[in-house]
Number of protein chains: 2
Amino acid sequence: MYEQLTHYLNSQIKVSEEELKIIHSFFRPLKLKKNELLVTHGQTSQRTFFVGKGCLRIFFINEEGQDATRYFAFEDQFATALVSFITGEPSEEFIQAAEDSELLYITHKDFYHLLEVIPQWEKFYRHYLEKAYVNNTKRLMSFLTQDATEKYRQLLNENPIIVRRLPNKMVASYLNISQETLSRLKSKV
Amino acid sequence: MYEQLTHYLNSQIKVSEEELKIIHSFFRPLKLKKNELLVTHGQTSQRTFFVGKGCLRIFFINEEGQDATRYFAFEDQFATALVSFITGEPSEEFIQAAEDSELLYITHKDFYHLLEVIPQWEKFYRHYLEKAYVNNTKRLMSFLTQDATEKYRQLLNENPIIVRRLPNKMVASYLNISQETLSRLKSKV
DNA sequence: GCTACGCTTTGATGTAGATCAAAAAATAAA
DNA sequence: TTTATTTTTTGATCTACATCAAAGCGTAGC
């Protein structure tokens, strides 16, 4: 799994063998069964996860107990409760294994430590933030301007893996529509 | 206006007099009349704006011509079509003066130049990205979990200036509800 | 193989908020 | 001031999608 991580890091930044070793030393492995929770509501000390195998789901829940999914991270992607990670405030986001998963994680403290000792890590974080921002803003646009059918069509085009690998319930939660509506869409579109 | 900028920068990062001069040299002033557009759809070369006086509105428009507002920047705030700024792709966002405004702006090219010559600028940009991300994600959460009344109540609590200074039309566009619905909410809430 | 529990589909009904339309009020222009 | 234009309010109607309910499938465990 550390090889996957190396590969991913090399695609983003230029780091020496030496630096790579340091980075690796802060990442620890973790196995999760489907549905296990990694971050619970209100938790403050955040970790950042790298998905080696499986899938993580980041979501929030409103007062009536309905959940809305913000992001799915599959193999070779990072995932974190980023708002809480940035602000240090208790998380309103949960992280859950959507499938049996194998992960690497780094603590918030160590992540910030890397920002100081590995100059390229600042760049890595910047790219991470930029991608997260672009992704979120596109989702925001989608919710503001598209109806259920359009959202589903776009998902099929841009992220078919979500539809293929995950149960309707989670896809519906990602699109912020009901399972019934998604089911009806599937039979029509 | 450059004093305002200095003041704002000092609140974010530590820069020498010397560095401040360099930074200032890349910002140019600009006056705008209410409703004037700064970024038009599909434009690629982005600028970043600092609001000295007035208000900028960042929004997108869907196929049916309805607009949805992503952000209002008032005095002492930065504004940019950030997705396009990051990706270099044509902008799907517009920027418009919501009031008569006085601005400073820096080009994308110069902004990236500063990233290279002023070490603290990387930190400034990181903070900017972090804030933009947190803000956007909170908006996303709000749209996914709140109804019209809740959204309006929260806006009154957290950003009353938007309701006080701007016409219903724009407030409604920010909340992504119709003007009529907003009007009815105002008389009830 | 059978039983049970979680998913998905299908149908009937309800509702928040959009849209349409027109009056009333506020601003700007003349 | 008077007139024109934009903004806000109020009422009637419509619609996309949620919710409720029940039946049909699939698959995991016994």
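Letters A, B, ... mirror the listed sequences (proteins, then strands); counts begin at 1.
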For residues 154-163 of chain B, run the donor-acceptor check on the side chains, cut-off 3.5 Å, and write out each pair with its distance to 0.1 Å, sequence neighbours left out.
| residue | atom | partner | partner atom | Å |
| --- | --- | --- | --- | --- |
| Gln154(B) | OE1 | Gln146(B) | NE2 | 2.7 |

Completion exercise
Note: contacts of residues 158-166 of chain B with DNA chain C (heavy atom, under 4.0 Å) are none

Problem - Check: Gln4(B)/Asp76(B) side-chain N/O donor and acceptor closer than 3.5 Å - result: yes

Problem - Length of the line joining Arg184(A):CZ and dT13(C):P, which is rounded to integer Å - result: 13 Å

Fill in the blank from the handout: Across all chains, not counting sequence neighbours, the side chain to side chain contact (heavy atoms under 4.5 Å, CB included) partners of Thr48(B) are Phe78(B), Thr80(B), Phe85(B), Ile106(B), Phe111(B)

Exercise for the section: For Asp67(B), enumerate each residue passing the salt bridge (charged side-chain N to carboxylate O under 4.0 Å, His left out) test, keeping only those at least two apart in sequence or located in another chain. Expected result: Arg57(B)

Fill in the blank from the handout: Taken in chain and number order and not counting sequence neighbours, the residues that satisfy side chain to side chain donor-acceptor pair (under 3.5 Å) with Ser11(B) are none

Distances under 3.5 Å only, N/O to N/O: pair up the protein atoms with those of nucleotides 21-23 of chain D.
none

Exercise for the section: Rounded to the nearest angstrom, tell me the gap between atom CD in Gln179(B) and atom P in dA22(C). Expected result: 18 Å

Problem - Sequence-distant partners of Phe143(A), ring pair (Phe, Tyr, Trp, His ring centres under 6.0 Å), two or more places apart - result: none

Practice task
Just jot down the salt bridge (charged side-chain N to carboxylate O under 4.0 Å, His left out) partners of Glu122(B), sequence neighbours excluded, or say none.
Solution key: Arg126(A)

Problem - Non-neighbouring partners of Glu130(A) that pass salt bridge (charged side-chain N to carboxylate O under 4.0 Å, His left out), sequence neighbours left out - result: none

Problem - For Arg28(A), salt bridge (charged side-chain N to carboxylate O under 4.0 Å, His left out) partners two or more places apart - result: none

Protein and nucleotides 14-17 of chain C: nitrogen or oxygen contacts under 3.5 angstrom:
| residue | atom | partner | partner atom | Å |
| --- | --- | --- | --- | --- |
| dG17(C) | OP1 | Ala148(B) | N | 2.8 |

Nucleotide N/O to protein N/O under 3.5 Å, stretch nucleotides 27-29 of chain D:
none

